[in-house]
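Keep in mind that what you see is a predicted model, and the values were worked out from it rather than measured. Reminder, nothing fancy here: chain letters follow the sequence lines and each chain counts from 1.
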Number of protein chains: 2
Amino acid sequence: MNERLPVQGAQGDLLRLVATGKAESRADLARLSGLAASSVSLRVEELIDAGLLAEEGSGASRGGRRPRRLRLSPTAGVLAVADLGAHHVRLGLLDLSGTPLVVEERSCEIADGPRATLDRIADAFDELVAAHVPAGVPIRGVGTGIPGPVDPATRRVVTPSRMPGWNDFLVADHLASRYDLPILVENDANLMAAGEARWWPDHENLMVVKAGTGIGCGVIVNGRLHRGRGAAGDISHVRVRSDSSVICACGHPDCLEAYASGAALMTALSEAGIKVTRPADIVGLVHDAVPEATSLVRNAGRRIGEVLTVLVNFFNPDVIAVGGSLSAAEPLITSIRAAVWERCLPLATRDLEIAPARAGRDAALLGAGALLLEAALTET
Amino acid sequence: MNERLPVQGAQGDLLRLVATGKAESRADLARLSGLAASSVSLRVEELIDAGLLAEEGSGASRGGRRPRRLRLSPTAGVLAVADLGAHHVRLGLLDLSGTPLVVEERSCEIADGPRATLDRIADAFDELVAAHVPAGVPIRGVGTGIPGPVDPATRRVVTPSRMPGWNDFLVADHLASRYDLPILVENDANLMAAGEARWWPDHENLMVVKAGTGIGCGVIVNGRLHRGRGAAGDISHVRVRSDSSVICACGHPDCLEAYASGAALMTALSEAGIKVTRPADIVGLVHDAVPEATSLVRNAGRRIGEVLTVLVNFFNPDVIAVGGSLSAAEPLITSIRAAVWERCLPLATRDLEIAPARAGRDAALLGAGALLLEAALTET
DNA sequence: GTCACTTCCTTCGATTTCGAAGATAGTCCG
DNA sequence: CGGACTATCTTCGAAATCGAAGGAAGTGAC
């Protein structure tokens with residue numbers, strides 16, 4: 001039921017191109033892969049025989065013979081992916097092209113420790129597979145997002161805050177003891193960035209900011225996730241310019257998170273006598289034009305924007321995609337834009353897009369799918 | 001006399017591995033290139049026949065037969081490289097492995113405009129070639145560094161400050177009219193980063209800070225220069241936290257450059273009645289333990305370090321190499337280190353090295369050589 | 001409809017690349 | 001100094017890849 005993908009050599013590249021939607025025909029594959037058309041035909045033949053690809057009707061003509069459209073076979077396999085939060089886990093099954101077959105959310109206390117939590121996720125995977133995957137369709141990979149830093153070398157959780165019992169835990173090894181498959185363990189903001197990247201196909205350098213309870217950020221460089229030492233993309237503990245002085249949970253004064261995160265805004269609102277329980281409530285207040293909320297969100301956007309100016313000058317991204325529950329509040333993005341436009345170098349902002357994230361709520365799951373496909377295709 | 005490198009297919013990879021010093025024998029090449037040992041032998045044979053590689057004695061044994069050492073043939077060709085400053089140009093000839101054959105500095109006013117300046121460089125190249133290159137050894141590429149932003153797509157100079165007449169000038173095209181060869185035009189800090197990268201062979205992610213009259217920075221991601229839209233790496237116009245308010249030449253208040261550049265330090269020293277004419281003079285004052293100078297340098301280091309904290313958290317480099325004339329002042333690097341260690345996330349600084357640049361004065365020329373070799377090997 | 005043209009895909013001989021086996025040339029140790 | 005071992009490099013048949021040519025299946029103009 002669980003098998004590694006039986007691909008070798010150039011087959012992997014071709015399968016990837018079809019799975020990511022970049023190629024739909026043998027001709028596309030020849031153009032994009034650099035292989036000779038004849039070699040492509042041979043490999044595609046093998047992939048069809050292996051049950052990984054399928055021919056399905058024909059595509060639109062580009063002025064000549066219509067291409068025979070290639071698709072991933074529905075029996076090619078599924079990926080089991082999860083995104084772990086503090087009090088719940090979002091999980092689902094994807095086909096190899098990253099399309100969700102089923103997604104659901106379950107409650108789950110991360111404070112219960114890694115073993116209990118991961119077993120809970122694995123049990124949920126088993127249930128979903130039993131309910132939604134026909135017999136004979138194998139699982140090809142298992143992945144999960146973690147709300148804390150993950151060392152890319154050892155794939156263990158390192159110095160997480162609010163995750164008691166997880167420090168130095170070898171998440172990948174524990175999952176590997178249950179699944180003999182490619183295993184992905186990655187920071188949740190990084191997964192979100194990887195998922196978002198698919199929606200910006202012609203853009204090589206992205207920053208994806210997640211504005212929710214905390215402030216996360218993932219970076220795509222040259223189309224690939226930049227991990228650094230595992231903390232890459234962190235912007236929440238940058239010092240902001242401020243008159244007063246607030247000590248952040250990390251011990252340093254005046255972190256961005258202490259001023260502009262959903263948690264900080266909720267504290268400020270409740271001090272003003274306005275009751276909110278989730279960051280999404282703030283969006284509602286902004287839509288209802290509650291002045292305190294709008295002003296707070298605008299302020300948060302300006303602060304985030306000011307931090308981004310440094311990074312835009314340095315990194316010159318093509319796109320800054322803003323996601324997370326707070327991103328639905330329009331003033332947030334508007335004021336981020338204003339701060340960046342005002343202060344950055346013209347060359348850096350010339351073609352820069354600052355826009356709401358496109359991938360939606362399942363961004364992290366989609367990102368896990370994208371990275372898992374990559375892992376399944378290269379590690380053979 | 002000027003010819004493109006006659007390499008095709010896998011030959012390029014092999015030549016690059018030898019030129020960059022990563023491989024010295026056929027066995028090295030087989031290991032590093034992923035090709036079969038037999039294929040490597042065939043290609044090497046061709047490269048030797050083409051006069052690009054040469055066999056030279058044998059290397060050290062690793063417990064078995066000694067390898068036959070491969071070297072670039074001295075007749076393989078030379079690269080002509082320059083690094084343009086405001087009032088002078090440093091230029092030289094390198095062999096294909098990036099070793100300087102001759103380097104010299106000439107005065108040259110960038111304000112004379114692009115045509116006069118570039119022709120002056122090209123004339124200098126011709127003189128150097130006539131004097132130092134035996135007949136029959138071809139030029140394989142021409143490159144120059146520019147003290148301003150270069151659009152990587154069109155390779156034209158964009159919105160430079162202090163370079164009258166250069167805006168939108170197509171530097172590469174102008175050089176191409178004189179040399180039918182691979183042409184490189186790149187920002188000088190980027191070249192310096194590319195040159196420095198060779199001295200940190202096992203490090204994939206570098207920031208190279210150039211602390212001189214101005215403050216430049218180049219970024220190496222995954223071993224390759226990150227260009228962004230042409231301004232990537234800029235850190236000089238980041239806003240710093242400050243009580244007073246200084247307007248920078250760029251029009252914005254409190255840019256890092258206005259506080260921590262060599263130019264700013266010189267202004268502050270002369271206001272204190274201490275006369276200096278070049279940033280290097282400041283280093284002398286620090287060595288002589290002049291308290292005003294030491295204090296200023298320490299302050300500048302702290303400010304630069306504070307900006308770097310943001311970038312270290314975000315980018316997680318393996319190394320920050322500090323070069324430029326000011327970097328010879330020890331307190332500069334010490335205080336950069338202190339600021340970064342204090343404020344950054346532990347995961348980001350765990351194995352981070354902050355060290356003086358290793359490539360020396362010719363870093364930019366070496367970088368130009370490295371990038372030109374790349375261009376000469378891939379563009380065929 | 002037919003003719004010129006374009007794109008898609010396959011066939012087939014030529015070329016390149018591979019990999020196993022072997023020749024070559026060392027080291028290390030008793 | 002001889003034998004076991006290791007690493008380097010080459011030889012040669014097998015397998016993969018290529019590219020030119022051609023068939024298949026369209027579009028668009030007249």
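- A salt bridge is absent between A:Glu204 and A:Arg224: the closest approach of a Lys/Arg side-chain nitrogen to an acidic carboxylate oxygen does not fall below 4.0 angstrom.
- Under 4.0 Å is where a charged nitrogen must lie from a carboxylate oxygen, and between A:Arg155 and A:Asp173 no such pair does.
- Spacing between atom CD of B:Glu45 and atom P of D:dT8 amounts to 19 Å, rounded to whole angstrom units.
- The main-chain N or O of B:Arg358 is found under 3.5 Å from a side-chain atom of B:Glu196 such that the two form a donor-acceptor pair.
- Using a 4.5 Å cut-off on side-chain heavy atoms (C-beta onward), A:Leu366 and A:Pro100 make contact.
- Looking at A:Arg4 and A:Asp180, a side-chain N of the basic residue comes within less than 4.0 Å of a carboxylate O on the acidic one, giving a salt bridge.
- Note: CD (A:Gln8) to P (D:dT17) measures 9 Å, nearest angstrom.
- B:Arg69 comes within contact range of no nucleotide atom at all, as no heavy-atom separation falls under 4.0 Å.
- Rounded to an integer number of Å, the gap from CZ of B:Arg26 to P of D:dT8 is 12 Å.
- Here the side chain of B:Asn205 pairs no donor or acceptor atom with the backbone of B:Pro317 at under 3.5 angstrom.
- The distance between atom CD of B:Glu24 and atom P of D:dC9, rounded to the nearest whole Å, is 11 Å.
- Classification of B:Lys22 and B:Asp28 as a salt-bridged pair fails, no side-chain N sitting under 4.0 Å from a carboxylate O.
- With B:Val185 as reference, B:Val171 is the one residue of B:Asp151, B:Val171, B:Leu170 to meet the side-chain contact (heavy atoms from CB on, under 4.5 Å) rule.
- For the atom pair OG1 (B:Thr75) and CG (B:Leu52), the distance works out to 7.5 Å, reported to the nearest 0.5 Å.
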At a cut-off of 3.5 Å, list every protein nitrogen or oxygen paired with a nitrogen or oxygen from nucleotides 27-30 of chain C, distance to 0.1 Å.
none

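- A donor-acceptor contact under 3.5 Å is formed by the side chain of B:Arg65 with the base of D:dT8.
- Atom-to-atom, CD of B:Glu55 to C1' of D:dT8 comes out at 12 Å; the value is rounded to the nearest Å.
- Rounded to 10 degrees, the angle separating the terminal helix axes of the helix from C:dC9-D:dG22 to C:dG30-D:dC1, each built from five base pairs, is 30°.
- With rounding to whole Å, B:Asp28 atom CG is found 13 Å from D:dA7 atom P.
- Listed pair B:Ser25 / D:dC9 meets the phosphate criterion, a side-chain N or O lying under 4.0 Å from OP1 or OP2.
- Using a cutoff of 4.0 Å between basic side-chain nitrogens and carboxylate oxygens, B:Arg71 and B:Glu55 are not scored as salt-bridged.
- Put simply, the residue from B:Leu365, B:Leu184, B:Leu175 that forms a side-chain contact (heavy atoms from CB on, under 4.5 Å) with B:Thr144 is B:Leu175.
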Protein-nucleotides 15-21 of chain C N/O pairs closer than 3.5 Å?
residue: C:dT17; atom: OP2; partner: B:Arg43; partner atom: NE; Å: 3.0
residue: C:dT17; atom: OP2; partner: B:Arg43; partner atom: NH2; Å: 2.1
residue: C:dC18; atom: OP2; partner: B:Ala36; partner atom: N; Å: 3.2
residue: C:dC18; atom: OP2; partner: B:Ser39; partner atom: OG; Å: 2.6
residue: C:dG19; atom: N7; partner: B:Ser38; partner atom: OG; Å: 3.1
residue: C:dG19; atom: O6; partner: B:Ser38; partner atom: OG; Å: 2.7

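- Within the structure, a side-chain polar atom (N or O) of A:Arg31 is placed less than 4.0 Å from OP1 or OP2 of C:dC8.
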